[in-house]
Amino acid sequence: MGTLAETDPVAERTRRSRRGAARVLRRAGWVLLALAALPFVLTLLYSVINPVSTLMLGRWLTGQPVARSWVPLEAVSAPLIRAVVVSEDARYCMHWGVDTAQLSQVVEGFMAGEETRGASTISMQTAKNLFLWPGRSYVRKALEIPIALWLDLVLSKDRLLEIYLNIAEFAPGVFGVEAGAERAFGKPAARISAAEAALMATTLPDPDGRNPGKPSSGHRQLAGRVTREVGRSDWVFYCLEPRVRP
């Protein structure tokens, strides 16, 4: 004769419910683990396969147009590469994906109640563009850091920059330097001049509000600062291919 717990239908339903919940939690855990591992696995493939960004995928899935033509780094003008590096991450050759000096300043400013900038490196922006979502979020920023470190570890500086230049958004639905150069100046990225390069580079923080082909006076001022900074920052390009070094 069984015990009361064994014959009680309510207790049996409770046990089954708990076992079912445990199975669901285990499956959810495996799914989350797989999603967490996906960026690290895909990065290995991206050393030889040209990726697309999450923004591009989102536009395709919602039926919105996407303009992008992948070009290798050697098909991008040296002035454009320099301008993007100086504008977006002047310490690109000095860190391993995360600029700890800049990040420390941001954390200190935040703790002091000051308005801070994101301190995003090119590696972190590439991590966001490849695997995460746009907009400001401390959760996303926390996820960017380990992915950026992994990207910088697995990929060469040239390859990482090549990926960034081909997935960065230069206008709504316009991705990569080739499509951006054609839209703004009617010519390929290989023929972009230093002045045009500065205008394109300073478009990256605000592709919705800035147009390098029709820059505002404020946009021109920003581009002028980048041009001057490129002229006195020869040393910051030492980790890139020789033709990029002035």
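Side-chain heavy atoms closer than 4.5 Å link hydrophobic residues (I, L, V, M, F, W, Y) into clusters, and following such links, possibly through other members, connects L45 to W150. No path of Ile, Leu, Val, Met, Phe, Trp and Tyr side chains, each step under 4.5 Å between heavy atoms, connects L57 with L42, placing them in separate hydrophobic clusters. Residues I163 and I122 are members of one and the same hydrophobic cluster, defined by side-chain heavy-atom contacts under 4.5 angstrom among Ile, Leu, Val, Met, Phe, Trp and Tyr. Hydrophobic clustering of Ile, Leu, Val, Met, Phe, Trp and Tyr side chains at less than 4.5 Å, counting indirect connections, keeps L130 apart from L61.
Other residues, nucleotides and ligands place more than 12 heavy atoms under 6.0 Å from the CH2 atom of W60.
Evaluated for a side-chain contact (heavy atoms from CB on, under 4.5 Å) with V177, the options V76, I81, I192 yield exactly one hit, V76. Partner S87 forms a side-chain contact (heavy atoms from CB on, under 4.5 Å) with one of L222, L204, V226 and no other, that one being V226. The side-chain contact (heavy atoms from CB on, under 4.5 Å) with R82 is formed by just one residue from the set D234, V230, L240; it is V230.
Residues S69 and A179 approach most closely at N-CB, 4.5 Å, considering heavy atoms. Of all heavy-atom pairs spanning L155 and R159, the tightest one is CD2-CG, 4.2 Å.
Panel note: side chain T203, backbone R210; no donor-acceptor pair is recorded below 3.5 Å. Remark: the backbone N or O of S53 is not paired with any side-chain donor or acceptor of N129 at under 3.5 angstrom.
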Verdict with supporting geometry, M124 and V98, side chain to side chain contact (heavy atoms under 4.5 Å, CB included): CA-CA 7 Å; M124 291 170 71; V98 177; 4.3 Å; yes

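The CZ atom of F40 sits 10.5 Å away from the CG atom of L153 when rounded to the nearest 0.5 Å. Atom-to-atom distance recorded for S77:OG and R243:CZ is 7.5 Å, nearest 0.5 angstrom.
A side-chain donor-acceptor contact under 3.5 Å links T202 and H219. In this structure, a donor-acceptor pair under 3.5 Å is present between the side chains of K141 and S120.
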